[in-house]
2 protein chains.
Amino acid sequence: MESDRDFNVFVQGCPSREIMQRLGDKWTPLVLLALAGGPLRFSALRQRIGAVTPKVLTSTLRTLERDGLLLRTVTAQVPVRVDYELSEVGRSLLGPLEAIRLWSEEHVPGVLRARGEFDRRSEPSES
Amino acid sequence: MESDRDFNVFVQGCPSREIMQRLGDKWTPLVLLALAGGPLRFSALRQRIGAVTPKVLTSTLRTLERDGLLLRTVTAQVPVRVDYELSEVGRSLLGPLEAIRLWSEEHVPGVLRARGEFDRRSEPSES
DNA sequence: CTCAATGGTATCTTTTGGATACTGGACACT
DNA sequence: AGTGTCCAGTATCCAAAAGATACCATTGAG
């Protein structure tokens with residue numbers, strides 16, 4: 001009923017759960033999507049994503065590198081140049097992430113409308 | 001280049017960004033996937049997901065309800081019965097989420113292997 | 001009068017994320 | 001020599017979110 005594989009996100013302690021939850025880190029999807037078009041340097045990534053602080057971006061990138069989703073290449077020039085790019089595995093996530101992204105962009109009006117109704121239902125305080 | 005729609009997750013302050021980031025809340029995907037098979041009561045959801053505390057589950061559910069992704073139905077019996085089920089909009093997310101889930105379950109071995117290599121590269125301390 | 005079932009809150013601690021300032025190495029300019 | 005710039009991050013400190021655990025309200029059964 002669940003799936004016949006060896007791993008299942010609904011099993012507590014299964015590594016797949018932690019992996020899926022990491023994909024839902026606040027910045028992970030944006031980082032991966034930002035790299036969809038090719039390698040980017042640290043500062044370019046930062047600019048492209050916007051609003052992310054260097055500390056958090058660094059730790060997001062480290063985790064993704066550690067998990068094999070992206071590659072970090074240091075070029076010893078001056079000043080030092082660091083490029084980040086998706087690995088093969090990382091690229092295999094782009095499809096699903098693109099879908100989530102499109103869904104989010106398409107459903108903005110609906111979600112905003114739902115919020116308005118919800119709030120109106122919650123506070124029947126005026127007239 | 002980015003997309004011709006009105007909303008874009010790469011634009012800072014665009015509601016679609018916040019919506020996408022919410023989809024990546026720690027428990028949101030699990031909640032939505034858990035409801036894929038039909039309505040569940042609060043305690044059943046808790047059991048099915050496992051490891052989520054009531055406080056966090058409540059707030060996750062409230063947000064999803066507020067955004068119109070799921071419906072909360074209270075039946076006044078004793079003790080009270082509360083059912084949660086996906087809305088039409090919520091169901092439209094199941095495809096992408098299923099994809100993310102499958103990816104996570106399929107790539108467990110690869111990710112674990114990558115972590116091992118990464119750690120070995122980082123600490124060349126023993127023999 | 002007590003107990004159990006359900007769907008949560010309340011409170012406190014720990015973890016994660018954010019703001020902001022700073023480091024370090026190599027050149028380039030003055 | 002001294003100062004400034006570029007880049008890729010750290011360091012430090014503070015705020016927001018998640019987790020552990022205990023508790024509450026309703027009410028029907030015993």
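Just the heavy atoms: all of them, side chains too, but no hydrogens, waters or symmetry mates, feed the values below. Not measured: the values here are computed from a predicted model. Naming: A, B, ... by sequence-line order, numbering from 1 per chain.
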Inspect the surroundings of CD in Glu117(A) and state if more than 12 heavy atoms from other residues, nucleotides or ligands are less than 6.0 Å away.
yes
Which angle, rounded to 10°, do you find between the first-five-pair axis and the last-five-pair axis of the helix from dC1(C)-dG30(D) to dT30(C)-dA1(D)?
30°
Would you mind building the protein contact string for nucleotides 6-23 of chain D? One character per nucleotide, 5' to 3', B for base within reach (heavy atoms under 4.0 Å), S for sugar-phosphate only, - for untouched.
BSSSB-B-----BBB---
Taking every non-hydrogen atom, the tightest pair across Phe10(B) and Asn8(B)
N-OD1, 2.7 Å
Minimum-distance pair of heavy atoms, taken over all atoms of Val52(A) and Arg46(A):
O-NE, 4.0 Å
Determine, for Glu105(B) against Arg101(B), whether the closest basic-nitrogen to carboxylate-oxygen distance falls under 4.0 angstrom.
yes
Atom pair [atom1]/[atom2] of [X] and [Y] - distance to nearest 0.5 Å:
{"X": "Thr53(A)", "Y": "Leu57(A)", "atom1": "OG1", "atom2": "CG", "result": "8.0 Å"}
{"X": "Thr63(B)", "Y": "Arg115(A)", "atom1": "OG1", "atom2": "CZ", "result": "8.5 Å"}
{"X": "Thr28(A)", "Y": "Gln21(B)", "atom1": "OG1", "atom2": "CD", "result": "10.5 Å"}
{"X": "Arg121(A)", "Y": "Asp119(A)", "atom1": "CZ", "atom2": "CG", "result": "9.0 Å"}

Can you check whether Gly68(A)'s main-chain N or O pairs, donor with acceptor, with Ser87(A)'s side chain at less than 3.5 Å?
yes
Give a yes or no on whether the backbone of Leu69(B) and the side-chain of Asp67(B) come within a donor-acceptor separation of less than 3.5 Å.
no
Taking 5' to 3' order, which nucleotide of DNA chain C is first and which is last to have an atom within less than 4.0 Å of a heavy atom in chain B?
dA5(C) to dT11(C)
